[in-house]
Amino acid sequence: MDVKPIEPGAKELQDMYYYMRLGRAIEERLELEYKGGKLTSAIYLGRGQEAIEVGASYALEPGDILAPTHRDMISQLPRGLTAREVFTNHYARANSLTRGKGEASYQGDLKRGLFATVSMLPDFYPVATGAALAFKLRGEKRVAMPLCGEGATSRGDFHESLNLASVLDLPVVFVVINNGFAYSTPPFKEMKLSDVAERAHAYAIPGVVVDGNNIIECYLEAKKAVERARDGGGPTLLEAKTMRMRGHAGHDAAKYISKELIREWAQKDPIDRFEKHLTNQGLLDETGIKDMTERVTQEVAEALKFAEESPYPEGQEAITDVYRQ
Amino acid sequence: MDVKPIEPGAKELQDMYYYMRLGRAIEERLELEYKGGKLTSAIYLGRGQEAIEVGASYALEPGDILAPTHRDMISQLPRGLTAREVFTNHYARANSLTRGKGEASYQGDLKRGLFATVSMLPDFYPVATGAALAFKLRGEKRVAMPLCGEGATSRGDFHESLNLASVLDLPVVFVVINNGFAYSTPPFKEMKLSDVAERAHAYAIPGVVVDGNNIIECYLEAKKAVERARDGGGPTLLEAKTMRMRGHAGHDAAKYISKELIREWAQKDPIDRFEKHLTNQGLLDETGIKDMTERVTQEVAEALKFAEESPYPEGQEAITDVYRQ
Amino acid sequence: MSTANKPKETSYIEAISQALWEELERDPSVFMLGQDIGDYGGAFKVTEGFLDKFGPERIIEMPIAEQGFIGMAIGAALMGMRPIVEVQYADFISCGWDQIVNVAAKMHYRTRDAVPMVIRGPSGGGLRAGPFHSQSPEGWFAHVPGLKVIVPGTAHDAKGLLKAAIRDDNPILYFEHKYLYRRVKEVLPEEEYVCHIGAAKVQREGSDLTIVTYGAMVQTALLAAEKAQSSGVSVEVVDLRTVFPIDKETVLNSVAKTSKAIMLYEDTRTLGIGAEVSAIIAEEGFEHLDGPIIRVSAPDAPVPFSPPLEDYFIPQVEDVLAAIDRLSAY
Amino acid sequence: MSTANKPKETSYIEAISQALWEELERDPSVFMLGQDIGDYGGAFKVTEGFLDKFGPERIIEMPIAEQGFIGMAIGAALMGMRPIVEVQYADFISCGWDQIVNVAAKMHYRTRDAVPMVIRGPSGGGLRAGPFHSQSPEGWFAHVPGLKVIVPGTAHDAKGLLKAAIRDDNPILYFEHKYLYRRVKEVLPEEEYVCHIGAAKVQREGSDLTIVTYGAMVQTALLAAEKAQSSGVSVEVVDLRTVFPIDKETVLNSVAKTSKAIMLYEDTRTLGIGAEVSAIIAEEGFEHLDGPIIRVSAPDAPVPFSPPLEDYFIPQVEDVLAAIDRLSAY
Ligand SMILES: Cc1ncc(C[n+]2csc(CCOP(=O)(O)OP(=O)(O)O)c2C)c(N)n1
Ligand SMILES: Cc1ncc(C[n+]2csc(CCOP(=O)(O)OP(=O)(O)O)c2C)c(N)n1
Ligand SMILES: [Mg+2]
Ligand SMILES: [Mg+2]
C-alpha cells in the first residue's frame, strides 16, 4: 500500500489545501441556499473547522473508515465525497447517496470508507470501534476514525467505546473536535476538565491535544495516531481545539457567542493560516489562490445546478429498502 | 444533627461489628436455604465485602441516601434493614418490603434512605445523583451514596452520572466495590486501568482507593468523602479493593476462581481482622464474640421463622400498584 | 371589524410554554432539565424567558447525557421534586430508554414510591426533518406498564394535559407534535384549567363512522370528516389525547353509535397505537361492528427525508377519504 | 424396551447451542460477543465448550456495556462480519436500545448497506425471576421497521430459525424463551435444516377456533387445545415463530377456516404482539369472523416475583379454556 508520509510533502499539502477550499466553498453556497429558503433541511456548518476536518481525514488511507457527525461534511471530501453528492443529498434528490431517505448531512459510502452517521451523538463511536474490531479479527491493517464534538463526550457511548477499544486493543483514532460549543452550551457546562483529551487516562490510552486550526499539526498528530493504531498500538484520543464560526444550525444566529470571540478566532482562520504557510513554502502564490477560487467556485456551481436539475424520488420509494432482501 | 465523628468511637465500632456479624449470619442462612431448595429466587452474596458494605454505609447520616446493588444487602443493615425484611423479601411474602413484587435482593425504603435498586448496572448511579440534585436545589445538607461493582463501571451510566455530579457539584459519594470479578469476568477484561479510582480524573473529582477489607479505613475514607460532599465540596469516587468470596450467584460454583486466591483472601477476612482490632483495643473479648454469635444467630433464626410463617400475596395483587392513584 | 375585542388566540407551542410557566410558578418543587433550555430558551424556544424568571436552579441546562439526566430526574422525583425533562427532539429519548422502562416505570409497583416526573419532547413528522428528527415514539412507551403517555392534538389540550401531567404522581411521557407548534391556535379559557389524563374527547360528532386518532392526525381527521360530510357521510372524530392508558369507554361508545371504525395514526403501522385500539374494539365492540376496522397509518419504514417520500409516508386527507369510501360500502 | 435405538431428543437450549456451533463452523465471518460467554460458557451455558473450539477471536467476552458492544456489532456487520450478540438476560437489551432502533434498524433504508447481525437473549417469565429477569421485549422491537423479531416455541424452530437468522442480512432480534430451555425437547432432523423467517406454522390443526400465539405460550395453547378437544371443541394452534414481520397469510387462512380467534401471549396486554394480529384480523379477516377476537395475555404490569403473583400474571391453561368457552358461545 502506498501510505502517505508522516511529514506531508508538496502533493499532500496541495491536496489538503484544495479540500479545505472546496469545503468552505460548498458551505458558503449551502448557507446562501438555506437563507434563500431553497433547502427543506437543516444545515450544520463546519466553518472554521476545516483544518481538523481535512487534516484528520486526510491522514487515513483508502481502506480505512471515517465516521463523521452532522457537522463534518468537510472531513468526507478527502475520501471522495463530491460537491454533487453534498448538494443532491441536501436537496433530497433521488440520485443522492441516501436516495432522499436520509437527512441532508447524514450520508456515507462504505466503498469509500465513509460511515453514514445518525443524529444521536456519539453513536458512531461504538460503531466505528466495531469496524476496528472486524479489522483486527481479520488481521487487516486498517484503521477506524470516528469524529465527535466536545459536547458528545458527555454521553455514555463515548465512555463505553473508548473502554472497549482500549480493552480489546483496537485500531481506532477517536477524534474530538472541540469547537467551543454544543449548540448553545459552552464546555464548562458539560465538563469540569478543560481538555477532553485528559479523559484518555481513564482508558490507559494516549490523549493528544492539537491546535485545530493548524492543519499541519492536525495532520501530523492524526497521522501518528493512525499509523500507531495500524501497527497494533491501539487507540488514541485526539482533541482538536477550534471554533464553530457559525450557529449550531442554519436557523441559529448564535447570539450567545460574543462578537469579540468570533473576531479573535477569525484571526486564526485555518485557511488563511494555511495559505500563508504554503506561500512561505513557495507552494502557493496569488495566482494559485485565485485559480483555486475559480476551481472550487465552478465545481460548486456545477454541483448545485446538477442537484437542482435532479429529480425527486417517487413517493412510493418511501417503502423500499427497509430490508435487505 | 448528631453527626458521627470522623474517628469512630467505641459505640461506632461496636455498632459496625454488629452489622458485619449480622450480615454474615443472614447470608450464611440464605446460602443454606438456597442449597436446600427453599428459595425460588437467586441469591447474590457479599461475603468477604462486609467491611466496605458496613463501613461506607455507616458513614452516612439519617437523612442521607444509600443506593445499593444486588450484592449489597449488608450495606443496608446499618440503615435499619432488618433480618426479617431480608428473609420475607427472599421468600417473596406479602409482608415484605416489595410485597412479593420485586426481586429478592432488590428492596429499599425511602423513609430509611434506602433506594430499591434495579438489575441494570449501574442504573442507580444516575438515580442517586438525582437525589443529590434534589438536596442541592432545596439547600439540604444531605448526601447520596450509590454503590456498584468494578464491572458496572464500564457502562455509560457510570460516566454520565460522574460527569453530571461533577459539573453540577453535587453531594454524591460514588462507591465502587472492586471484588475481583464481574460474574466470571476479571477486571483486566473490563478495563486497562488497575484502579477504577483513577477514572475520577476524567471528572476532575477526587479518587480514593481503600483496603476494602479494613473497616476502619473504609469508614474513615467514606466519612471524609461524605462530609466533604455535605459541606459543598462535591463528589468523590471511592474504590474499595476486596474479594467476592462466593460465586456470582447461588448457582455459581465459581470454578474460575483459583483455590489459592480464595485461601489468600480468607486470611484477610474483614470480620476476623476487625475482631482482632477490637480485641486489641479492649473493646471485645472471647465472651463478647460468643455473645454476638448468639445474638445474630437468634435474630436470624427468628427472622427466618417469621418469613416462613408469613403468607404469600394473593394472585390478584399482581395487578395492583402499577400506578400511584 | 376592529380586532381590539377579538380574544387572543394561543398557539399549541405557546400553550405548552404557558403550562410550564404556570406550574413552575405554582409549585416550587417543579423544575426543568434539558439541553439549551436556559439562555437559549430551548431548541424550539419553549422556555424563552424562563431562565430570567425562574433562575438556574429551576431551569437547569444539561450536557448530552439523556440516560444520565433522565435517571437523575427519577432520583429527584423520588426525593419529592417534580422534574420536567426536555429532550431536544423526542427521537433522542431512545438514549434514555433503559432508565425510563426499567427504573421509572417499575418503581411504584415495587416500592409504592411515587415518581412524579414528566419527560417531554417534540415528536412527529411533516417538517422534512428525516429519520432522526421526525419519529413518533409513543407506541414504544404505550407498551410499558407504569408509564402514562400523552400526545395532545390541540392547543387547549396541550396546555391542560401538560398541567395535569406535572401534577400527576406517575412518570409521564408527553409528546408534543412539532408540526402543530405554530400551526394550530385557539382561544384558551382565561381561568386556570387542567384536562383529565386518560380521557379521550370527541372532537367532532358524527353518526356514520368513527375515526379514532390523536396528535397531528386529529387535524387530518377533521379535514377528512369535513370533506366526507359534503358527500353525505357523517364522521365522528375521537381524539385519544392520552394514548396510554386508552379511554376505552369513549371509543366503544362512539363505535356503538356508528358501527364503523377507522384507526388513523401517523406512527408506523405494526403495533402503532391504532393496533391496540383496533384490538380493543374487535374484542369489546365486536357486536356493534358493521364492517372491518380499517387502519390508516404510516407504513413500516423509517420516516424519510425527501418531501415526496414524506408525503407518501404520512397519512394524508385523501388516504382517510379512501378508507371512508371503503368502509361506507359496508 | 431398549433405549439403544431410540433417537436422541434435543432440548430447546441444546438446539440453540447446535445452531450457533454449526454456523460458527460453517462461516468464518460469524463470531460471538457477550458477557461471560467464554470460559464460563454463558450464564445459561449455551456456549459451553465454544471457547476451546473456536478461540477467543470468535468467542469474545465483553465488559458490561450493552450500548457499546451492540454498536460495535453493528460496525463489524457493516464491515462484512456476522456478529451474534448475547445479552445475558433479554431484559438488559434495554441498555442498547438506541443503537438497535436508530443505527441498526435504519441503516439499510438510508444506505442500502446490509447489517447482518443477531442479538439473542433469554426472555420470558415463569422462573420466579421477577421484574428484571423475566421480561418479554419482543413487542417493543416488533414496532421498529428494519428489524426482524423471532421467538421460537419449539426446539426444532429454535435451531432452524437461529441458523436462518445468522444467515440473514438484516439485524435480527432473537428471543429465547428461557422457560423452554430444558422443558421442551424433540428429535431433530439429522440433516442440516433452516426455517423460513417470517413464516408461521400450524402446530395443531383444528376447525372450530384458532389460537394465534408464539414462544412459551405455544405449549400452553397446545395443552388447552387438548383439553378443549375432550369437550368437543377443535382448536387450531398457529405459532407465529417470527413476530415481526407477521405471517398474515397463515393467520388469515386459519381464521377463514375457523371463524373464531384467540390471541394468546405472555407479554403485557397493551400493544403486545396479539394486539397487532388482532388488528390484522379485524381488518383483513373481518368477513370470516363469527365472534369477537379475544386476547388472553399478561395484564399491564411489570412481571411480579412471588409465585402466586407470577402465576396470576402469566396466562394459564385455564385462562385459555375460559376464553375458548366464551368464544364457543358465538
Ligand atoms: C444524544 C443526542 N442528544 C441531543 C442531540 C441534539 N444535538 C444535536 S447537535 C448537539 C450539540 C452537539 O455538540 P458537539 O458534540 O460539541 O458537536 P458540534 O455540534 O459542536 O459539532 C445537540 C445537543 C443529539 N444530536 N444527540
Ligand atoms: C446492564 C447489565 N448488564 C448485564 C447484567 C448481568 N449481570 C448481573 S451482575 C453482573 C456482574 C456485575 O459485576 P460487578 O459490577 O463487578 O458487581 P458484582 O456482581 O461483582 O458485585 C452482570 C454482568 C446486569 N446486571 N446489568
Ligand atoms: Mg461542539
Ligand atoms: Mg465485581
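Naming convention: chains lettered A, B, ... in sequence-line order (proteins, then strands); numbering from 1 in each chain.
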Are any of the side-chain heavy atoms of C:Phe286 and D:Leu289 separated by less than 4.5 Å?
yes
Proximal component of D:Asp267, with respect to chain C [non-hydrogen, under 4.5 Å]:
side chain
For the residue pair C:Ile280 and D:Arg295, establish whether any side-chain heavy-atom pair is separated by less than 4.5 Å.
yes
So which of D:Pro302, D:Ala275, D:Pro299 has the biggest tally of heavy-atom pairs under 4.5 Å with chain C?
D:Pro302
So, the part of D:Ile100 with a heavy atom under 4.5 Å from chain C: the answer is neither
Heavy-atom distance under 4.5 Å to chain C: side chain of D:Ile281, backbone, both or neither?
neither
Counting heavy-atom pairs closer than 4.5 Å to chain D, which one of C:Cys95, C:Pro145, C:Ala261, C:Gly130 comes out on top?
C:Pro145
Please examine the side chains of C:Pro131 and D:Arg110, heavy atoms only from C-beta on, and report whether any two atoms are closer than 4.5 Å.
yes
With a 4.5 angstrom heavy-atom cut-off, which part of D:Glu287 approaches chain C: side chain, backbone, both or neither?
side chain
With chain C, which of D:Gly146, D:Gly139, D:Gly291, D:Ala105 has the greatest number of heavy-atom pairs at distances under 4.5 Å?
D:Gly291
Nearest heavy-atom neighbours spanning D:Pro292 and C:Glu283:
CB-O, 3.4 Å
Might you point out which heavy atoms bring C:Ala301 and D:Tyr109 nearest each other, and give the distance in Å?
CB-CE1, 4.2 Å
Tell me whether C:Glu276 contacts the main-chain N or O of D:Leu271 through its side chain, where contact means a donor paired with an acceptor under 3.5 Å.
yes
Heavy atoms of C:Val101 and D:Trp140 approach each other most closely as CG2-CH2, 3.8 Å
For C:Thr270 and D:Ala142, work out which heavy atoms get closest and say how close.
CG2-O, 3.4 Å
Give, as side chain, backbone, both or neither, the part of D:Pro304 having an atom under 4.5 angstrom from any heavy atom of chain C.
both
Can you pull out every salt bridge (Lys or Arg N to Asp or Glu O under 4.0 Å) where at least one residue sits in residues 248-258 of chain C? Sequence neighbours excluded, please.
C:Glu205-C:Lys257, C:Glu236-C:Lys257, C:Lys248-C:Glu284
Contact part of D:Phe305 toward chain C, heavy-atom cut-off under 4.5 Å: side chain, backbone, both or neither?
neither
Can you say whether C:Phe141 sits under 4.5 Å from chain D via the side chain, the backbone, both, or neither, judging by heavy atoms?
neither
Between D:Ala282 and C:Ser278, what is the shortest heavy-atom contact and its length?
CB-OG, 3.9 Å
Can you tell me how far apart CG (C:Leu147) and CG (D:Asp300) are? Round to the nearest 0.5 Å.
11.0 Å
Greatest number of non-hydrogen atom pairs under 4.5 angstrom with chain D, of C:Gln67, C:Gln99, C:Arg269, falls to C:Arg269
Using a cut-off of under 4.5 Å on heavy-atom pairs, state which of D:Gly285, D:Ala279, D:Pro245 scores highest against chain C.
D:Ala279
Under a 4.5 Å heavy-atom cut-off, does chain C meet the side chain of D:Phe92, its backbone, both or neither?
neither
Scan side-chain atoms only and decide if D:Asn102 and C:Gln135 contain a donor-acceptor pair under the 3.5 Å cut-off.
yes
